[in-house]
Colleague: 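I'd like to ask some things about the structure below.
Lettering follows sequence order; numbering is per chain, from 1.
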Amino acid sequence: MSTMGGLSQMKLAVNFLTIGLVILSLPCGSYTEIPPKPPGSVTVLPPVKPAGGPQAFPDAENSNLPVFTMDYARIQVPFEVTLWVLLASFAKIGFHVYHKITFWVPESCLLISIGLIVGAIMHSVHEEPPAVLSYNVFFLFMLPPIVLESGYFMPTRPFFENVGTVLWFAVVGTLWNSIGIGMSLYAVCQIEAFEVQDINLQENMLFAAIISAVDPVAVLSVFEDVSVNEQLYIVVFGECLFNDAVTVVLYNMFIFVADMPVVEPVDVFLGVARFFVVGLGGMGFGVIFGFVASFTTRFTSNVREIEPLFIFMYSYLAYLVAELFSISSIMAIVTCALTMKYYVEENVSQRSCTTIRHVVKMLGTISETLIFFFLGVVTITTEHEWNWGYIMFTLLLALVWRGLGVLVLTQIINPFRTIPFNFKDQFILGYGGLRGAISFALVFTLPDSIGRKKLFLTTTICMIMFTVFIQGISIRPLIEFINVRRTNRNLETINVEIHSRLIEHTIAGVEDLCGQWSHYYWKDKFLKFNNRILRKILIRDNRAESSIVALYKKLELQNAMEILDTVSGDINAGSSIVSLQYVYPLSPSSSCSLSLSLYFALSLILLLSLSLACSPSLSLSLVLSLTLSCSLFYPLLSKGLKSS
Amino acid sequence: MGSTNSTLSKIPNVEELMQETGFTPAHIVRLYDRFEALDKEKTGHLRPQDFGAINRLAMNPIGDRIIGAFFSPGQETVDFHSFVRTLAHFRPVDKKRPKDPSMPEPVNSRTSKLKFAFQLYDQDKDGKISRAELLQVLRSMLEMQVTEEQLESIADRTIQEADLDKDDAISFEEFRKVPPARALRLTYQHGAFAAQGTQNTKTCKVHAHRK
């Protein structure tokens with residue numbers, strides 16, 4: 001590895017990612033059922049001898065100094081990792097050329113499609129893809145960045161206002177879905193015509209537990225671009241993050257039970273107890289690490305360059321410690337990010353704050369891109385077992401149970417909500433329950449003792465494809481069609497803030513008047529505790545700051561940056577706080593044809609180098625496919641250019 | 001329910017009150033109990049000092065404004081009817097209310113809630129929030145945190161954002177442009193104000209004293 005001195009923060013993050021992947025992909029090869037060879041390549045070739053040039057290894061007769069040597073084996077794994085990441089990212093650039101596509105089709109679908117193509121190519125030349133969706137790589141490297149990103153950018157006030165609803169849907173909703181789907185599937189299995197009678201109840205329940213959990217990766221990528229009202233957004237958002245606890249417990253429980261011949265009532269009780277351990281333990285670890293991180297940043301005023309490091313290291317540590325104890329790691333990292341954000345952003349310098357936000361977002365996007373990409377690849381390359389009855393019924397039952405679940409649960413919780421959900425909201429809530437890569441990774445690592453593992457794999461993939469493609473693509477037109485209440489989420493004004501605070505004080509006052517408490521009382525109490533004790537410990541310069549003042553400062557800063565930008569005439573430089581919140585849809589400029597051809601040239605080179613690492617036949621097929629796709633898409637692209 | 005009926009009979013014009021505000025008998029009883037607990041001298045009227053005796057309300061940054069909202073202009077005391085009428089603002093919005101333009105706006109509609117909030121700012125009741133009034137509200141909410149100049153800047157920015165007709169004050173129309181969900185938050189969900197239709201009397205004890 002090159003010297004570490006003078007590296008920027010970005011390189012640091014990518015380096016860590018790479019080192020991690022290097023270390024872990026070596027034993028990872030054993031997870032995919034291929035003969036032991038390094039992932040993603042052919043058997044190691046003997047050192048390449050440049051034709052006619054001096055030998056790499058000196059012979060007895062010719063002992064001159066070799067001028068040019070090549071040692072591919074040494075850099076192989078990091079090299080391939082980098083190339084795969086670049087390939088997926090190039091695909092992302094390519095989508096935005098014709099921006100009408102990305103408006104109607106969510107990026108996840110496009111990425112899966114590209115992955116399917118690459119998977120087809122790899123399959124036809126009998127190559128194995130890198131084991132990215134295997135248990136360790138996925139859960140230790142791919143998932144944490146995404147969850148960290150969603151936890152870090154979660155809007156805190158709406159979240160805490162709706163925390164009851166979120167937990168209600170996450171816990172009870174997931175339980176409802178799992179048990180419902182599991183039981184129904186078991187009933188379906190009894191039908192002789194489908195030939196699946198060998199799947200017993202435990203296996204059905206296990207499978208149901210895996211596929212009933214709404215997936216944060218898929219949901220976030222779809223709901224990011226679609227604007228629904230704040231309440232709906234936060235409930236969907238929160239649900240997919242916090243249902244991890246239930247999934248973990250159910251998964252472990254059913255795996256454990258599948259081995260045992262007899263289930264006693266004690267085990268059910270223990271299961272419930274375990275749920276509390278998992279859920280509360282996850283949150284507890286998150287909060288502890290959040291506080292420790294905040295406390296650490298209090299002392300970093302002299303080492304500003306490595307301030308962002310603490311955020312990443314502590315949140316990752318929270319995740320890993322939770323994984324150590326098999327408690328909900330997603331909840332741990334989300335609560336850690338939530339706790340940390342408030343205090344850390346007051347302690348660190350402005351630059352570090354910007355860096356943190358940018359790197360969190362970048363890592364999250366990389367992970368998301370790779371996950372969807374490889375989801376497409378492994379769809380082709382895994383062995384499938386197709387069974388019409390089982391698969392169709394799973395899809396149907398999943399939809400039905402989710403719909404029922406949302407209806408029933410909303411009826412129960414609506415009276416407790418200040419702003420109840422109407423039927424349109426409920427529809428979107430049910431429809432937005434997408435499944436994704438987490439389910440796949442869990443099914444992938446089911447023990448082989450489960451006979452019908454391939455069937456489960458196929459069903460899961462069908463489920464994911466169905467929800468991501470069909471539900472993901474149709475959700476935007478549906479939202480417009482049924483006219484769900486929308487909020488402009490980016491609207492932050494002083495007026496709204498002042499008004500909100502006034503209302504909070506008023507309600508608190510009325511509560512005192514009537515002599516009864518509700519959650520405003522607890523919020524008030526917590527705020528006082530926060531101001532008196534927590535802030536003194538965790539923040540360096542403690543000045544109690546109202547949210548009004550904080551918002552005012554932020555808005556003034558943005559204004560100042562905007563003024564600077566217009567003066568200097570450069571849109572891309574300047575405050576990243578602004579750019580992160582207001583995504584300017586950049587339409588392609590007139591010099592696009594040049595950049596377009598440059599883009600294609602680069603991707604060509606990239607693909608060539610990737611395939612050169614693998615095999616000549618692969619490279620040939622890739623070149624052919626790229627040329628083909630270029631010629632097919634050129635009319636589309638030129639139309640896209642003309643419309644800009 | 002026996003005690004409910006007996007309490008109700010003590011209140012004059014209770015039917016009219018329930019009709020006007022939409023509270024159920026159980027709610028009215030609970031509010032009456034609270035009213036009596038506050039009215040230590042049993043005069044049947046509350047004076048500002050009685051409100052001020054509630055410690056936490058006195059510490060609330062806008063506590064005095066809230067108390068002021070109960071007193072109609074010119075009146076020095078609050079009787080039970082005004083008490084209930086003011087608190088009716090905080091009832092949850094009735095979704096099923098038919099939109100009848102001839103009937104007066106019910107007390108807990110979104111517009112009425114906004115008006116109530118508006119009046120918390122607009123102490124002199126001239127229909128506009130002037131810069132000075134805004135400054136006062138900000139000062140009471142932000143207390144020690146900012147200097148006088150910062151307060152003025154914040155007030156300036158607020159008026160600049162909201163003021164569309166450039167008269168350096170925020171009228172009610174401009175105030176209405178607050179996003180809808182925020183206004184609905186002026187709802188007190190607990191106990192006395194639980195959604196209409198749930199007749200079950202929750203035994204939420206009225207805390208006459210608090211730590």
Side-chain angles (χ1 to χ4, degrees), chain A residues 157-158 161-162 229-232 414-420 422 485-489 491-521 524-525 528 531 543-553 555-556 559, chain B residues 30-31 34 37-38 51 54-57 60-63 65-67 69 87 90 92 95 116-117 120-121 134 137-138 141-146 150 153-154 157-158 161-162 170 175 177-195 198 204-208 210:
Chain A
R157 175 179 284 159
E161 281 171 357
N162 287 297
N229 65 60
E230 191 180 56
Q231 306 295 312
L232 193 53
N414 255 347
F416 296 98
R417 288 183 55 83
T418 324
I419 303 172
N422 56 23
R485 277 183 305 210
R486 316 272 208 106
T487 332
N488 187 353
R489 270 185 276 134
L491 190 66
E492 269 188 322
T493 60
I494 284 281
N495 272 286
V496 171
E497 191 67 30
I498 295 182
H499 191 65
S500 310
R501 295 313 305 277
L502 188 87
I503 290 179
E504 277 171 20
H505 284 304
T506 316
I507 299 283
V510 169
E511 270 176 40
D512 294 321
L513 198 61
C514 298
Q516 287 166 345
W517 307 332
S518 84
H519 69 274
Y520 278 106
Y521 172 77
D524 211 35
K525 222 174 149 87
K528 290 222 173 68
N531 280 333
R543 279 165 309 216
E545 197 172 68
S546 159
S547 58
I548 300 179
V549 179
L551 181 65
Y552 171 72
K553 284 188 188 163
L555 290 174
E556 286 292 300
N559 277 2
Chain B
R30 225 173 289 139
L31 288 173
R34 183 62 180 160
L38 288 173
F51 284 104
I54 307 171
N55 284 332
R56 284 179 48 84
L57 188 58
N60 194 312
I62 54 168
R65 288 169 189 263
I66 300 174
I67 298 173
L87 284 177
F90 294 90
K95 291 266 141 122
F116 186 82
L120 285 175
Y121 287 100
L134 190 61
V137 174
L138 282 172
M141 285 209 286
L142 297 177
E143 285 185 70
M144 303 296 195
Q145 293 175 23
V146 289
Q150 280 178 312
S153 318
I154 296 179
R157 199 198 165 93
T158 313
E161 274 179 3
I170 305 177
F175 187 72
K177 302 240 163 54
V178 176
R182 297 276 166 202
L184 288 177
R185 291 235 162 263
L186 209 57
T187 304
Y188 176 40
Q189 198 68 342
H190 217 74
F193 304 96
T198 51
C204 293
K205 297 193 177 45
V206 174
H207 294 261
R210 225 163 301 98

Colleague: So B:R65 and A:H505, do their side chains get closer than 4.5 Å, heavy atoms only?
Modeller: no
Colleague: Name the region of B:I154, side chain, backbone, both or neither, that has any atom closer than 4.5 Å to a heavy atom of chain A.
Modeller: both
Colleague: Name the option with the most non-hydrogen atom pairs under 4.5 Å to chain A; the candidates are B:L38, B:T158, B:L134.
Modeller: B:T158
Colleague: Quick check for you: to the nearest 0.5 Å, what is the distance between A:L502 atom CG and B:L138 atom CG?
Modeller: 10.0 Å
Colleague: Can you name the side-chain contact (heavy atoms from CB on, under 4.5 Å) partners of B:I67, sequence neighbours left out?
Modeller: B:F51, B:L57, B:F71
